[in-house]
Amino acid sequence: MLLLFKLLFAHLVADFLLQPLSWVRDKEQKAFGSLKLVYHSLVHAALYALVLSFDPHYWLGFLVLVVSHYFIDGLKSYANGWLKKHKPTSIFNYRTLFVADQLLHLLLIYWVVDYYRELPLPIVDLTAESWWLLALALLLLTQVSSIIIKVFISRWAPLNVYDGEHSLANAGTYIGILERLFIFVFLVTNHWEGVGFLLAAKSVFRFGDLKEAHDRKLTEYILIGSLLSFGLAILISLAYNYLSAGF
């Protein structure tokens with residue numbers, strides 16, 4: 001485990017602490033033609049070498065991580081530039097590429113650790129019922145619940161609820177998804193008090209907006225949506241707990 005922690009530390013420091021915003025922008029503009037991409041890879045190389053104590057035993061893992069980081073970052077920057085130019089409305093955007101980029105880096109770190117037999121790589125059995133139940137629960141908690149709530153309460157939506165001038169795009173959808181995921185975690189870990197805290201916190205944040213709006217319809221609309229979101233999350237979480245107990 002020590003090797004895993006060391007490599008993760010080096011990766012996070014190089015990617016999030018020692019990478020100036022100017023380097024990120026230069027990579028986005030020039031991709032493999034960016035000198036900053038080379039600098040960034042060299043920073044990773046230096047940190048990996050330090051945490052590995054310059055031990056020649058790890059030379060192969062060191063090369064894999066440094067070279068792969070260069071190509072993964074270069075490909076991400078190239079893909080991001082291409083999408084902005086040719087597919088600006090594509091669902092594959094900077095956020096998607098960022099997540100994919102980090103996952104690839106982490107998987108390679110995990111592979112290197114496993115290669116040196118310091119951490120057994122578990123085999124995920126995708127045929128196991130428990131994995132499919134978890135995937136089903138997460139799907140229900142996220143997009144499916146969002147659509148269900150929208151279908152049921154859209155008939156009561158006030159005219160100004162979709163006003164994007166004073167609200168972030170799709171903010172309500174993302175807030176709902178996050179709150180349902182939090183509720184799922186609270187109930188799966190048997191911390192019901194967390195649900196009460198979440199509901200109280202949301203009420204406090206919403207109180208000021210609703211008080212200033214002086215719109216009873218908007219208040220009722222938000223209240224119905226919140227209670228429906230919480231109710232769905234609780235039902236899905238309880239069903240997951242009940243079904244998973246049999247595995």
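Numbers for residues simply follow the sequence, beginning at 1. Heavy-atom basis, side chains included; hydrogens, waters and symmetry copies ignored.
- Listed for the T142 side chain is a donor-acceptor partner under 3.5 Å among the backbone atoms of L139.
- With contacts defined as side-chain heavy-atom distances shorter than 4.5 Å, the pair K27/Q19 qualifies.
- Sorted by first and then second residue, the salt bridge (Lys or Arg N to Asp or Glu O under 4.0 Å) pairs involving residues 232-242 (not counting sequence neighbours) form an empty list.
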Could you pull out every donor-acceptor pair under 3.5 Å between side chains of residues 231-241 and any protein atom, sequence neighbours left out?
from : atom 1 : to   : atom 2 : distance (Å)
S237 : OG     : A233 : O      : 2.7
N241 : ND2    : L187 : O      : 3.3

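- Put simply, the side chain of W111 does not reach to within 4.5 Å of the side chain of L65, judged on heavy atoms.
- With values rounded to the nearest 0.5 angstrom, D73 atom CG is found 10.5 Å from E28 atom CD.
- Annotation: Y116 is in aromatic contact with Y58 [ring centroid separation under 6.0 Å].
- One N or O on the side chain of S68 and one on the backbone of V64 form a donor-acceptor pair closer than 3.5 Å.
- Looking at I177 and S146, their side chains come closer than 4.5 Å, going by heavy atoms from C-beta outward.
- Under the 4.5 Å side-chain heavy-atom criterion for Ile, Leu, Val, Met, Phe, Trp and Tyr, V66 and L108 are members of the same hydrophobic cluster.
- Following chains of ILVMFWY side-chain contacts shorter than 4.5 Å, one cannot reach I224 starting from L199, and the two form parts of different hydrophobic clusters.
- Here Y115 contributes atom OH and L3 contributes atom CG; the two are 13.0 Å apart, rounded to the nearest 0.5 Å.
- Using a 4.5 Å heavy-atom threshold, the side chains of L37 and W23 count as separate.
- Taking the side chain as every heavy atom from C-beta outward, Y48 and I109 approach each other to under 4.5 Å.
- Judged as a salt bridge (Lys or Arg N to Asp or Glu O under 4.0 Å), the pairs with a partner in residues 171-182 (not counting sequence neighbours) are, in order, E179-K202.
- When all heavy atoms are compared, the tightest approach of G74 to A31 is O-CB, 4.0 Å.
- Note that CG of L178 is 10.5 Å distant from OG of S229, once rounded to the nearest 0.5 Å.
- The structure places CD1 of I72 at 6.5 Å from CG of D101, a figure rounded to the nearest 0.5 Å.
- Contact of the F98 side chain with the L103 side chain is not registered, since no non-hydrogen atoms from C-beta on lie closer than 4.5 Å.
- Shown here are the salt bridge (Lys or Arg N to Asp or Glu O under 4.0 Å) partners of D26, two or more places apart in sequence or in another chain: K30.
- In this structure, the separation between CG on L134 and OG on S244 is 9.5 Å, given to the nearest 0.5 Å.
- L75 places a side-chain heavy atom less than 4.5 Å from the side chain of F32.
- Separating the CZ atom in F71 from the OG atom in S41 is a distance of 9.5 Å, to the nearest 0.5 Å.
- Here the side chains of F197 and F186 are not in contact, with every heavy-atom distance at 4.5 Å or above.
- Using a distance-only test at 3.5 Å, with no hydrogens or angles considered, a donor-acceptor pair links the side chain of S34 to the main chain of K36.
- Listed by chain and residue number, V38 satisfy the side-chain contact (heavy atoms from CB on, under 4.5 Å) test with L42 (two or more places apart in sequence, or in another chain).
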What donor-acceptor contacts under 3.5 angstrom involve side-chain atoms of residues 6-15, with partners at least two apart or in another chain?
from : atom 1 : to   : atom 2 : distance (Å)
H11  : NE2    : Q102 : OE1    : 2.9
D15  : OD1    : H40  : NE2    : 2.8
D15  : OD1    : H44  : NE2    : 3.0
D15  : OD1    : H69  : NE2    : 3.3
D15  : OD2    : Q102 : NE2    : 2.9

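- F62 and Y110 end up in the same hydrophobic cluster when Ile, Leu, Val, Met, Phe, Trp and Tyr side chains are linked at under 4.5 Å.
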